[in-house]
Protein chains: 2
Amino acid sequence: MKEGKPATIKEIAKRLKISPSTVSRALNDHPSIGLVTTMRVKKVAAELNYEPNQTAIFFKQRKTFTVGVVLPNLSEPFFSAAISEIENVANGKNYTVIMGQSMDDADREMKILQTLKNHRVDGVLMSIGKNTRDYPFIDLMEGAGIPIVFFDCVPDLEHIHKVYCDLETGMLEAIDRFVSCGHHAISLINGPTHLPASLEREKAYRKGLAQYNIRYKEEYVVNTDLTPEGNEAAISQLLALPDRPSAVVSFNDYVALDVMKIVRKRGIALNQDIHFISYANYPLWTYIENPPLASIEQFPGEQGGKAAELLFQLIEANGRPEPTRITFHSRLVNPG
Amino acid sequence: MKEGKPATIKEIAKRLKISPSTVSRALNDHPSIGLVTTMRVKKVAAELNYEPNQTAIFFKQRKTFTVGVVLPNLSEPFFSAAISEIENVANGKNYTVIMGQSMDDADREMKILQTLKNHRVDGVLMSIGKNTRDYPFIDLMEGAGIPIVFFDCVPDLEHIHKVYCDLETGMLEAIDRFVSCGHHAISLINGPTHLPASLEREKAYRKGLAQYNIRYKEEYVVNTDLTPEGNEAAISQLLALPDRPSAVVSFNDYVALDVMKIVRKRGIALNQDIHFISYANYPLWTYIENPPLASIEQFPGEQGGKAAELLFQLIEANGRPEPTRITFHSRLVNPG
DNA sequence: CTGTTAGCGCTTTCAG
DNA sequence: CTGAAAGCGCTAACAG
C-alpha cells in the first residue's frame, strides 16, 4: 500500500508503454487525447496511487497557487477575522495561504516579504504595521512581478491597490448619535499622533462638530500611546477638566475598555455621567454590563475578503491594471 | 534596476566564464571553492540582484521549508493565540506556515490535508474539529512521509504525536477553590456528550467531588450544544432546581458569558448568589464587571509553540521516533 | 491523436 | 579547487 517513493508520470507511462507526455495530457484531460487512453491512464494512475508532484509543477509553471498574508498580529481579533475570511476566499479559488506576523516591526515585515518572494507566492495581501514609515517592499514585489493588495492599514500612496475602511462616516454617525442624545461636550481619545489613522479620526471629528456648530476645543482631544497606562492618562486628563465631557469617542475598543474601567473605578456612572462610542466593535460588548452606546464597525472580514478577491483578479489578469481602490465605510452599529 | 526575468545561476556563470556548478557552490559557501572565486561570484550575484529560485530548490531537495497548520477556526481567540505562537516558532526556524480552517467540517479537514500534501509541506500541525470521528488523514500523511503533530484537540489514539492540555488538574483546583469558599452545591455545565473533552471534564468533576466527599447529583450536570440557546437552556435547568447550585463550572468562557448574562437578566446576583469558573481564560475578563471567580487556563499559545518545536524535531530527525506525548496541565488562574 | 525532445533552475556526482 | 553532465517531475513546442 505504501510506496517508498510516490509514483511518477514516467512510471505509469512505462507500464502502459506510452510516452510521458501522453500521460500528462491524459491526466489533465487534454481534449486531444483519446477517451480510451485517458481512461487507461487514469486507471493505472489510481492503481499506483499517483499524486502529481506539485513542487515540480510549481517550478515548471512558475506559479505556486499560494498567496502570502502579512499583518501585524494574528492574535488580535480584528486581524484574525480578516485572515479567516481571506483563507475562505482563497480556499474557494484553490489557493493556499501563507501567513506572517510583522509584530509591528518594519524589519520583520521586510524579512517576511523577502521570504514570500523567495517562496514565489503568486500574490500578497498586507496590512502594514504601526511603525512602518516607508515601503521598500513595494518595489521589491513590483520587481518580482508579484501583485500586492493592501488592506485596512494601507500606505498613503496613489499607485497601489488598496482596500480600506473610511473612518469618517462612522465618526460622523457617532457625533450625530451623541448630539441627538443631547450631548454637546464631546471629546476624542485619539491614538498616537503619527498614525494616519489618528489624523483621519481627528479630521472627521472636527468635521462632525462643525456640522453641528459645536466649537472645537483643544483640550477635548487627548492622545494615548495605546498602552493601558497611556489610556489611563488620557481619560484622567479629560476627567480633570473643569467642564468634563459627557461623551467620548475613543480610538478603538481596547482603549474604551481600559478607559471605562477607570471611569467605573472612580465612581462615575457609565452611560449616565459619561457615554462612550469607540471604533471596532469588539465582539464581546454584548456581555459587558454597561457597554458603550454604540460601536463603529470597520468590517475586517469584509475588507480581507474583498482584498483577496481583488488580488485574485490581479493574479489572473496578467496585465498590470490601474491601481484599484476599494473603500468600505465605517458605520455605527449597536454593540454585540 | 528592474529585470524582466530574475537572474539565474547560469547568467552569473556566463558573466564570469565559469561553470554553473561553481557558482552554485560559491553561493552556498562550499568549502572547496577558492575564496577569491567565492567573492567574485557573490559580487556579481549582488550586482545582478540574484535571488535563488526557491521553487527550483524545493523541487530538487524535496523540501519546502513549509509547515501546514490545520485548525477549526482562526477567528477563535484560542486558536489565533496558538497559531500566532506557531508562526513565531516557525519563523525562528526559517519555516513558513500555511494555514487551513476546517470549520469543524471533517470533509473540509480532509481536503485541506490533501492540499497540504500536494504542496509537499514538510510537516503538519493539527487540531481536529468537533465532528471528526475518524482519522483517515493520519494514514494519508503517513503514506506521504509527512510528520504530523496534533495539539489541543487531539485524536484519542496511541501511536501519534500529540501535545495536549490535561483538563483534570484545572477542574480539581476549581473545586478546591469553590469548596474553600464554602460551596458544596457545585454543578457542571458540560459540552456535547460525544466530545472527549466533555467526558474528561465530567470525569474530573466527579473525582473532584469525591475528594471532598460531596455526593454526585445527576441533576447538577447539564449539557449544552454550545449555541446561545443551548447555553440558556442549560442554565435554566439548573436555576429551576429546588436546590439550586451556588457554584458552577462551565465548559468554556463562551458558555460562561452567555450563562452569566442570563443569570444577571433574571436578577440573580453574580458572585454572590451564584459563582462561576470556566475553562479557557478569555482575555477579556478583566473588563467584565462581575467576572468569574477564576478561569481554567489551557495554554493555547504554549501548546502551539511546543507542538511546533516537536514537529521541527521530527522533521530534522528523519527516523520515525516513538510517538511523543507532551502534556500541559490546566491551571486555575485569576481572570485577566 | 500521440511521441520526441528540450528545458524550467538548481544541485551533485564524477572526473579532471 | 573547478568543470561537465545528469537529472529532479513535469509540461509544451514541434513533429509526425
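The figures here come from the full heavy-atom set of this structure, side chains too, leaving out hydrogens, waters and symmetry mates. By convention in this document, chain letters (A, B, ...) are assigned in the order of the sequence lines, proteins followed by strands, and residues within each chain are numbered from 1.
- Not a single ring-ring contact (aromatic ring centres under 6.0 Å, His included) links A/Tyr135 to another residue, sequence neighbours left out.
- For NZ of B/Lys63, the number of neighbouring non-hydrogen atoms (other residues, nucleotides, ligands) closer than 6.0 Å is greater than 12.
- Checking side-chain atoms of B/Lys117 against main-chain N and O of B/Phe137 turns up no donor-acceptor pair under 3.5 Å.
- Applying the side-chain hydrogen bond (donor to acceptor under 3.5 Å, both in side chains) test to pairs two or more places apart or on separate chains, those with a residue in residues 70-86 of chain B are A/Gln101-B/Ser84, B/Asn73-B/Ser75.
- Considering only the side chain of B/Asn53, C/dC10 comes nearest among D/dA12, C/dT11, C/dC10.
- Between the NZ atom of A/Lys14 and the P atom of D/dC10 there is a distance of 13 Å, rounded to whole Å.
- The stretch residues 39-47 of chain A has no heavy atom under 4.0 angstrom from DNA chain D at all.
- When the nucleotides D/dG3, C/dG3, D/dC10 are ranked by their closest atom to the side chain of A/Pro52, D/dC10 comes out on top.
- At least one donor-acceptor pair under 3.5 Å links the side chain of A/Asp104 to the backbone N or O of A/Lys130.
- Checking D/dG9, C/dT4, D/dA5 against the side-chain heavy atoms of B/Ser21 singles out D/dA5 as nearest.
- Using five terminal pairs a side, the axes of the helix from C/dC1-D/dG16 to C/dG16-D/dC1 at its two ends make an angle of 40°, given in steps of 10 degrees.
- Atom NZ of A/Lys43 has 12 or fewer heavy atoms from other residues, nucleotides or ligands within 6.0 Å.
- Residue pairs satisfying the side-chain hydrogen bond (donor to acceptor under 3.5 Å, both in side chains) criterion with at least one member in residues 149-160 of chain B, sequence neighbours excluded, are listed as follows: B/Asp152-B/Gln303, B/Glu158-B/Arg325.
- Distance CD (B/Gln61) to C1' (C/dT12): 10 Å, rounded to an integer number of Å.
- Listed by residue number, B/Ser24, B/Arg25, B/Asn28 are the residues of residues 24-36 of chain B with a heavy-atom contact under 4.0 Å to DNA chain C.
- Look at CZ on A/Phe58: it is 25 Å from P on C/dG7, rounded to the nearest Å.
- In this structure, CZ of B/Arg62 is placed 13 Å from C1' of D/dC10, rounded to the nearest angstrom.
- Annotation for A/Arg108: atom CZ counts as buried by contact number, over 12 foreign heavy atoms lying within 6.0 Å.
- Going from atom NZ of A/Lys10 over to atom P of C/dG3 covers 16 Å, rounded to whole Å.
- Between the P atom of D/dC8 and the CZ atom of B/Arg120 lies a distance of 14 Å, rounded to the nearest Å.
- Here A/Thr37 lies in heavy-atom contact (under 4.0 Å) with sugar-phosphate atoms only.
- From A/Met126, atom CE reaches atom CD1 of A/Ile112 across 8.0 Å, with rounding to the nearest 0.5 Å.
- Remark: C1' of D/dA12 and CD1 of A/Ile9 are 12 Å apart, rounded to the nearest angstrom.
- Checked against D/dT2, C/dC10, D/dT11, the side chain of A/Ile57 finds its nearest nucleotide in D/dT11.
- Residue A/Ser19 places none of its side-chain N or O atoms closer than 4.0 Å to OP1 or OP2 of C/dT4.
- Between the CD atom of A/Glu11 and the P atom of D/dG7 there is a distance of 15 Å, given to the nearest Å.
- Each of B/Thr38 and A/Glu51 lies near DNA chain D, and the nucleotide nearest B/Thr38 is the one positioned closer to the 5' end.
- Comparing A/Lys60 and A/Lys17 against DNA chain C, the residue whose closest nucleotide sits nearer the 5' end is A/Lys17.
- A salt bridge links A/Glu309 and A/Lys306; the closest N-O separation between the charged side-chain nitrogens and carboxylate oxygens is under 4.0 Å.
- Evaluation of B/Phe59 against the base of C/dC10 yields no stacking contact (centre distance < 5.5 Å, interplanar angle < 30° required).
- A salt bridge does not link A/Glu11 to A/Arg15: none of the charged nitrogens lies less than 4.0 Å from a carboxylate oxygen.
- The ring of A/His119 has its center no closer than 6.0 angstrom to the ring center of B/Phe65.
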